[in-house]
Trainee: 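The structure follows.
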Amino acid sequence: MRYARSIGPDVTHDPESAREAIEAVARLPRRQREVVLLHVWADLSYEQIARALDIPIGTVRSRLNRARGALGQDPTLLEPSRA
């Protein structure tokens, strides 16, 4: 699977990669999935996620780190797109 540097799997031209990425995120535990979706797709900062979920910022960081590990990705890949 190819990865775009800033958003995870490169789904731009590959429907199979898009399906795999969606399925992988869907398999994450709910709390990790929430943080990933808010950070990557909603483009919220760690601080904004912490406020939205009413959790400490350290918990946001921890959940993102665990999600990265579960997805088997480079830590920089779950960063929102800045394009």
Side-chain angles (χ1 to χ4, degrees):
M1 181 184 311
R2 297 174 307 143
Y3 288 98
R5 190 74 197 133
S6 62
I7 61 170
D10 181 1
V11 298
T12 312
H13 302 291
D14 186 0
E16 182 65 20
S17 290
R19 185 185 58 75
E20 289 174 8
I22 291 166
E23 289 174 357
V25 171
R27 285 191 299 268
L28 290 172
R30 180 186 54 84
R31 291 178 176 177
Q32 290 176 17
R33 188 173 54 247
E34 289 174 337
V35 173
V36 166
L37 294 175
L38 289 172
H39 186 57
V40 177
W41 281 279
D43 199 22
L44 297 183
S45 69
Y46 291 5
E47 294 82 9
Q48 290 169 318
I49 296 168
R51 282 192 303 251
L53 298 178
D54 195 28
I55 59 176
I57 194 167
T59 301
V60 171
R61 289 184 175 117
S62 174
R63 289 179 186 175
L64 275 173
N65 187 53
R66 288 185 180 139
R68 287 178 181 118
L71 295 172
Q73 296 181 348
D74 180 313
T76 62
L77 294 174
L78 284 183
E79 294 302 320
S81 175
R82 300 294 180 204

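Along the sequence shown, the residues carry numbers beginning at 1. Just so you know, these numbers use all the heavy atoms, side chains as well, and skip hydrogens, waters and symmetry mates.
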Trainee: Mark yes when over 12 heavy atoms from residues, nucleotides or ligands other than Arg33 sit less than 6.0 Å from its CZ; otherwise mark no.
Mentor: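 Check passes, neighbour count above 12.
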
Trainee: OG/Ser45 to CG/Leu38 distance, rounded to the nearest 0.5 angstrom?
Mentor: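 So the OG of Ser45 and the CG of Leu38 are separated by 10.5 Å.
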
Trainee: Got a sec, which pairs hit salt bridge (Lys or Arg N to Asp or Glu O under 4.0 Å) with one end in residues 48-62, sequence neighbours left out?
Mentor: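 For residues 48-62, and leaving out neighbouring residues, there are no salt bridge (Lys or Arg N to Asp or Glu O under 4.0 Å) pairs at all.
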
Trainee: Could you tell me if the side chain of Leu71 sits less than 4.5 Å from the side chain of Leu28, heavy atoms only?
Mentor: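 Side-chain contact under 4.5 Å: yes.
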
Trainee: Applying side chain to side chain donor-acceptor pair (under 3.5 Å), can you list everything that pairs with Thr59, at least two apart in sequence or on another chain?
Mentor: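 Here no residue qualifies.
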
Trainee: Mind checking whether Ile22 and Val25 sit in one hydrophobic cluster, side chains of I, L, V, M, F, W, Y counted as touching below 4.5 Å?
Mentor: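 Each belongs to a different hydrophobic cluster.
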
Trainee: Supply the atom-to-atom distance Gln48 CD to His39 NE2, rounded to the nearest 0.5 angstrom.
Mentor: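 So the gap between those two atoms works out to 10.5 Å.
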
Trainee: Please tell me if the side chains of Arg19 and Pro15 come closer than 4.5 Å, counting only heavy atoms from C-beta onward.
Mentor: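 Counting from C-beta outward, Arg19 and Pro15 never come under 4.5 Å.
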
Trainee: Between Ala70 and Gln32, what is the shortest heavy-atom contact and its length?
Mentor: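 Taking Ala70 first and Gln32 second, the nearest heavy atoms are CB-OE1, 4.4 Å.
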
Trainee: Determine whether Ile55 and Arg63 make a side-chain contact, defined as any pair of heavy atoms from C-beta on separated by less than 4.5 Å.
Mentor: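 They are in side-chain contact.
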
Trainee: Going by the rule side chain to side chain donor-acceptor pair (under 3.5 Å), which residues pair with Glu34 if we only count those two or more places apart in sequence or in a different chain?
Mentor: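 Here the qualifying residues are Arg30.
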
Trainee: Looking only at heavy atoms, what is the nearest atom pair of Pro56 and Ala50, with distance?
Mentor: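 Pro56 and Ala50 have their closest heavy atoms at C-CB, 4.2 Å.
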
Trainee: Could you check whether any side-chain heavy atom of Tyr46 comes within less than 4.5 Å of a side-chain heavy atom of Val35, counting everything from C-beta outward?
Mentor: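 Counting from C-beta outward, Tyr46 and Val35 never come under 4.5 Å.
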
